[in-house]
Amino acid sequence: MPVRTRFAPSPTGYLHIGGARTALYCWLQARHDGGQFILRIEDTDRIRSTPEAVQAIIDGMAWLGLDCDEGPIFQTSRLARYEEVARGLLAAGKAYWAYETREEIEAMRAAAMARGAKPRYNGHYRELNAPLREDPNRVLRFKNPLGGTVAFDDAVKGRVEWQNEELDDLVLVRSDGYPTYNFAVVVDDVDMRITEVIRGDDHVNNTPRQINLYEALGAPLPRFAHLPMILGADGQKLSKRHGAVSVMQYREDGYLPEALLNYLVRLGWSHGDQEIFSRREMIDLFNISDVNRSAARFDVAKLNWLNQQYLKSTAPEVLAPEFSWHLRRAGINPAEGPAAEDVIVALRERVHTLRDLAERARVWYGPIAEWDDQAVTKYLRAEGADSILRRVQEALDALPHWTPAAIHEALARIAQELSVKPGQVAQPLRVAITGTAVSPAIEHTVFLAGRHEAAARIEAALDRIG
RNA sequence: GCUCCCAUCGUCUAGCGGUCCAGGACGUCGCCCUCUCAAGGCGAAAACACGAGUUCGAUUCUCGUUGGGAGCGCCA
């Protein structure tokens, strides 16, 4: 039987970090086993589902490169099928119509709570065989087994067991005719022959009811795997402030999908001491049964480190288009400065994200926006800085080839001839070119400015000294 | 309240009864390198929540305590 996994988000919001990791694990397991990965949109909540959210999920998956073999399949396109299965269950005496009002159910729950029991439906209509009739409160309920236990071996949590007494008769079909989540997932997972149900921890408690449904349907059980939560840096549930933002926000913040994926795969899973995994390695090495049982916190510092690792190891020409995208977002015209690849090479060891890289690149794409007064005082107005800069100006002007190597050589020669430390040449020049005391290696800083602009800036700096 | 789940350095984790006075990575700190900032190299501090068992021997197994989390919807 081929392995088939599915990622089944509800389109009530964007694809966030937790969902992305679930999707990744589902995708990895399918790819690892040479099976299929299915994207299913669980849109049976007609109030909260939105087309924008559907698009956001699809965009997020595409950006991460998690391609699916089937789908997206929308549950709302399968309504007739759920109805058919519901009828079958009803005919088999495994489901029944119930007509309590919401208030009545509320009262039942309150009463159960008062008794110190779980708040749940009391099964009033279970043996009444109430006929089908038009009623705004009519729902179809499942006849959950009354006794015994229901257990399963979770691929990550191990054996989990419940008493059937703990479970009540869940609603299968709502009063508006739409299936509920617990009903639709089971029907879909059975129809789509899903073999590994990989989902968030918050679904463990639904699993026993679903297993009972599988059994009522006479369907084989898939393997279940419940992933622990991803917590915020403060150990609290992820909120808007720390991570529960759309994965697309990570793109805007300058992260590479490979880095995010690599970070995510290590959150709850590991392979010895290895930290960096290519997609291929992830696929080869990953196995859902190796996933950790406990929740993990989201740590931006580590993501930053990983992102830089990828920035450093990815070919600049591969990074260039995305870098240019960030330049434009920062209001910088990529055409009005040096080649993207050169800027990337000069800066990538100094930043963690492409967004920072674009921001730091700004000096070479337009006039110096702001002078660092301290740097000007300390280096530009330093004793002898003006004469050194004039020497630099001449030497650069005389360079036959405008390359970092040639520039480096020229500057080194000046320092030697003047018997000054390299820094006494580099620092005033750095401030002249960038307006600050911080930039990549001086030969790159000068090179990126371009012959003409470098000369102009040195001249302007000289004027500034007075 | 009830049910279920979880528990190793600040964080992510290795460990699957002796190899552990607990290993790696991020972060932190120190040193080196150095034209700034980084990157890199070297080094340091830093953890088995607690209490009972089981065992010749527990970080590893069992139970309990404490602390976290999830669920208890005609939401998924």
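Here is the naming used below: chain letters follow the sequence lines, and residue numbers restart at 1 for every chain.
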Engineer: How far, in whole Å, is C12(B) from A46(B) if one measures between their C1' atoms?
Structural biologist: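 After rounding to an integer number of Å, I get 15 Å for this pair.
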Engineer: Taking atom types as modelled and ignoring hydrogens, do the side chains of Tyr14(A) and Glu52(A) form a donor-acceptor contact shorter than 3.5 angstrom?
Structural biologist: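 No - no donor-acceptor pair under 3.5 Å links their side chains.
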Engineer: What does the list of N/O pairs under 3.5 Å between the protein and nucleotides 3-6 of chain B look like, with a distance for each?
Structural biologist:
| from | atom 1 | to | atom 2 | distance (Å) |
| --- | --- | --- | --- | --- |
| U3(B) | O2' | Trp162(A) | NE1 | 3.3 |
| C5(B) | O2' | Lys157(A) | NZ | 3.0 |

Engineer: Please give the nucleotide sitting opposite C74(B) as a Watson-Crick or G-U wobble pair, both distances under 3.5 Å, or none.
Structural biologist: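 With both distances under 3.5 Å required, C74(B) matches none.
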Engineer: Kindly write out the residues that satisfy ring pair (Phe, Tyr, Trp, His ring centres under 6.0 Å) with Tyr25(A), not counting sequence neighbours, or none if the list is empty.
Structural biologist: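 With sequence neighbours excluded, Tyr25(A) shows a ring pair (Phe, Tyr, Trp, His ring centres under 6.0 Å) to Phe286(A), given in chain and number order.
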Engineer: Map Asn292(A) and Ser175(A) onto RNA chain B by nearest heavy atom, then report which one ends up closer to the 5' terminus.
Structural biologist: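 Residue closer to the 5' terminus by nearest nucleotide: Asn292(A).
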Engineer: What integer number of Å spans the P atoms of C50(B) and C9(B)?
Structural biologist: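 Taking atom P in both C50(B) and C9(B), they lie 10 Å apart.
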Engineer: Please name all residues satisfying ring pair (Phe, Tyr, Trp, His ring centres under 6.0 Å) with Tyr178(A), sequence neighbours left out, ordered by chain then number.
Structural biologist: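 Per chain and number, Tyr178(A) pairs via ring pair (Phe, Tyr, Trp, His ring centres under 6.0 Å) with no residue.
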Engineer: If you take any heavy atom closer than 4.0 Å to RNA chain B, which residues from residues 429-444 of chain A end up in contact?
Structural biologist: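 Heavy-atom contacts with RNA chain B come from Arg430(A), Ala437(A), Val438(A), Ser439(A), Pro440(A), Ala441(A), Ile442(A), Glu443(A).
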Engineer: Near RNA chain B, under 4.0 Å by heavy atom, which residues of residues 45-55 of chain A?
Structural biologist: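 Close to the strand are Asp45(A), Arg48(A).
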Engineer: Measuring only the C1' atom in each nucleotide, how far is A7(B) from U19(B)? A whole number of Å is fine.
Structural biologist: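 To the nearest whole Å, 25 Å.
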Engineer: So what does Gly200(A) touch, heavy atoms closer than 4.0 Å: a base, only the sugar-phosphate, or nothing?
Structural biologist: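 No contact.
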Engineer: Provide the Watson-Crick or G-U wobble partner of A25(B), both distances under 3.5 Å; none if there is no partner.
Structural biologist: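 Base-paired to U11(B).
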Engineer: Report the base-pairing partner of A52(B) (Watson-Crick or G-U wobble, both distances below 3.5 angstrom), or none.
Structural biologist: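 U62(B) is the nucleotide pairing with A52(B).
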Engineer: Do Gln427(A) and Arg430(A) pair up side chain to side chain, a donor and an acceptor below 3.5 Å, judged on atom types alone?
Structural biologist: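 Yes, side-chain donor-acceptor contact under 3.5 Å.
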Engineer: Are Arg115(A) and G1(B) close enough that a side-chain N or O sits under 4.0 Å from OP1 or OP2?
Structural biologist: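 It does not, given that no N or O in the side chain of Arg115(A) lies less than 4.0 Å from OP1 or OP2 of G1(B).
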Engineer: Taking atom C1' in both A52(B) and G27(B), what distance in whole Å separates the two?
Structural biologist: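 Roughly 37 Å separates the two C1' atoms.
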Engineer: Please determine, by modelled atom types, if His226(A) and Asp154(A) share a side-chain donor-acceptor pair under 3.5 angstrom.
Structural biologist: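 Yes, a side-chain donor-acceptor pair sits under 3.5 Å.
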Engineer: Going by salt bridge (Lys or Arg N to Asp or Glu O under 4.0 Å), name the residues that satisfy it together with Arg348(A), two or more places apart in sequence or in a different chain.
Structural biologist: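 If we apply the salt bridge (Lys or Arg N to Asp or Glu O under 4.0 Å) test to Arg348(A), skipping adjacent residues, there are no hits.
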Engineer: Indicate whether the side chain of Asn206(A) and that of Tyr181(A) have a donor and an acceptor atom separated by less than 3.5 Å.
Structural biologist: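 No donor-acceptor contact under 3.5 Å links the two side chains.
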Engineer: Both Gln308(A) and Gln424(A) contact RNA chain B. Which one's nearest nucleotide lies toward the 5' end?
Structural biologist: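 Checking each residue's closest nucleotide, the 5'-ward one belongs to Gln424(A).
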Engineer: I'd like to know whether Thr76(A) forms a side chain to side chain donor-acceptor pair (under 3.5 Å) with Asp43(A), so could you lay out the CA-CA distance, the side-chain angles of the two residues, the decisive distance to 0.1 Å, and finally the verdict.
Structural biologist: CA-CA 6 Å; Thr76(A) 46; Asp43(A) 56 349; 2.6 Å; yes
Engineer: Could you write nucleotides 21-34 of chain B as a row of B, S and -, 5' to 3', where a protein heavy atom under 4.0 Å of any base atom gives B, of only sugar-phosphate atoms gives S, and otherwise -?
Structural biologist: --BBBS--------
Engineer: Listing request: all salt bridge (charged side-chain N to carboxylate O under 4.0 Å, His left out) pairs with a residue in residues 432-446 of chain A, at least two apart in sequence or in separate chains.
Structural biologist: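 For residues 432-446 of chain A: none.
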Engineer: The side chain of Arg109(A) is closest to which nucleotide in this list: C74(B), A70(B), C35(B)?
Structural biologist: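 Of C74(B), A70(B), C35(B), C74(B) is nearest to the side chain of Arg109(A).
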Engineer: Measuring only the C1' atom in each nucleotide, how far is G41(B) from G51(B)? A whole number of Å is fine.
Structural biologist: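 G41(B) and G51(B) have their C1' atoms separated by 46 Å.
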Engineer: Determine the Euclidean distance between corresponding P atoms of G1(B) and G15(B); express it in Å to zero decimal places.
Structural biologist: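 It works out to 36 Å between them.
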Engineer: Taking the side chain of Lys312(A) as heavy atoms from C-beta outward, which of A70(B), G73(B), G40(B) is closest to it?
Structural biologist: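 Of all the options, the side chain of Lys312(A) is nearest to G40(B).
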Engineer: Determine the interatomic distance between P on A49(B) and the same-named atom on A25(B); round to the nearest Å.
Structural biologist: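 Going atom to atom, P in each nucleotide, I get 23 Å.
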Engineer: Would you kindly say whether Asn182(A) and Thr180(A) are connected by a side-chain donor-acceptor distance under 3.5 Å?
Structural biologist: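 No, because no side-chain N or O of Asn182(A) sits under 3.5 Å from a partner of the opposite role on Thr180(A).
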Engineer: Parallel, tilted or perpendicular: which one describes the rings of Tyr263(A) and Phe298(A), with boundaries at 30° and 60°?
Structural biologist: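 Aromatic pair Tyr263(A)/Phe298(A) classed perpendicular.
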Engineer: For Tyr99(A), is the NZ or CZ atom of Arg133(A) found under 6.0 angstrom from the centre of its six-membered ring and inside 45 degrees of the ring axis?
Structural biologist: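 Arg133(A) over Tyr99(A) ring: yes.
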Engineer: Which residues satisfy the ring pair (Phe, Tyr, Trp, His ring centres under 6.0 Å) test with Tyr96(A), sequence neighbours excluded?
Structural biologist: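 Ring pair (Phe, Tyr, Trp, His ring centres under 6.0 Å) check on Tyr96(A) returns nothing, list empty.
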Engineer: Just to confirm, is there a sub-4.0 Å distance from OP1 or OP2 of A76(B) to any side-chain nitrogen or oxygen of Thr12(A)?
Structural biologist: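 No, Thr12(A) has no side-chain N/O under 4.0 Å of OP1/OP2 on A76(B).
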Engineer: Grab the CG-P distance between Leu172(A) and G73(B) for me, whole Å please.
Structural biologist: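 For the pair Leu172(A) CG and G73(B) P, the rounded distance is 15 Å.
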Engineer: I want to check something: taking the side chain as every heavy atom from C-beta on, are Leu389(A) and Leu462(A) in contact at a cut-off of under 4.5 Å?
Structural biologist: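 SC-SC contact between Leu389(A) and Leu462(A) confirmed.
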Engineer: In whole Å, measure the gap between the C1' atoms of C63(B) and U55(B) for me.
Structural biologist: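 Here C63(B) and U55(B) have their C1' atoms 16 Å from each other.
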Engineer: Is it the case that A76(B) (base atoms only) and Asn206(A) (side chain only) share a donor and an acceptor within less than 3.5 Å, ignoring hydrogens and angles?
Structural biologist: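 Indeed, a donor on one side and an acceptor on the other fall under 3.5 Å apart.
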Engineer: Can you check side chain to side chain donor-acceptor pair (under 3.5 Å) on Gln75(A) and Asp188(A), steps first, answer last?
Structural biologist: CA-CA 8 Å; Gln75(A) 288 192 319; Asp188(A) 283 347; 2.7 Å; yes
Engineer: From the options C74(B), U36(B), G1(B), select the nucleotide whose nearest atom is closest to the side chain of Arg350(A).
Structural biologist: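 Nearest listed nucleotide: U36(B).
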Engineer: Could you run down nucleotides 60-67 of chain B 5' to 3' and tag each one B, S or - for protein heavy-atom contact under 4.0 Å?
Structural biologist: --------
Engineer: Return the set of residues passing side-chain hydrogen bond (donor to acceptor under 3.5 Å, both in side chains) with Thr436(A) (not counting sequence neighbours), or none when no residue passes.
Structural biologist: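 side-chain hydrogen bond (donor to acceptor under 3.5 Å, both in side chains) check on Thr436(A) returns Thr434(A).
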Engineer: Measure from NZ or CZ of Arg40(A) to the centre of the six-membered ring of Phe7(A), then state whether that distance is under 6.0 Å and the direction lies within 45° of the axis.
Structural biologist: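 No, Arg40(A) does not sit over the ring of Phe7(A).
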Engineer: For residues 373-388 of chain A, which side-chain N or O atoms pair as donor and acceptor with protein atoms under 3.5 Å away, sequence neighbours left out?
Structural biologist:
| from | atom 1 | to | atom 2 | distance (Å) |
| --- | --- | --- | --- | --- |
| Thr377(A) | OG1 | Asp373(A) | O | 2.8 |
| Arg381(A) | NH1 | Arg464(A) | O | 3.3 |
| Ser387(A) | OG | Gly384(A) | O | 3.0 |

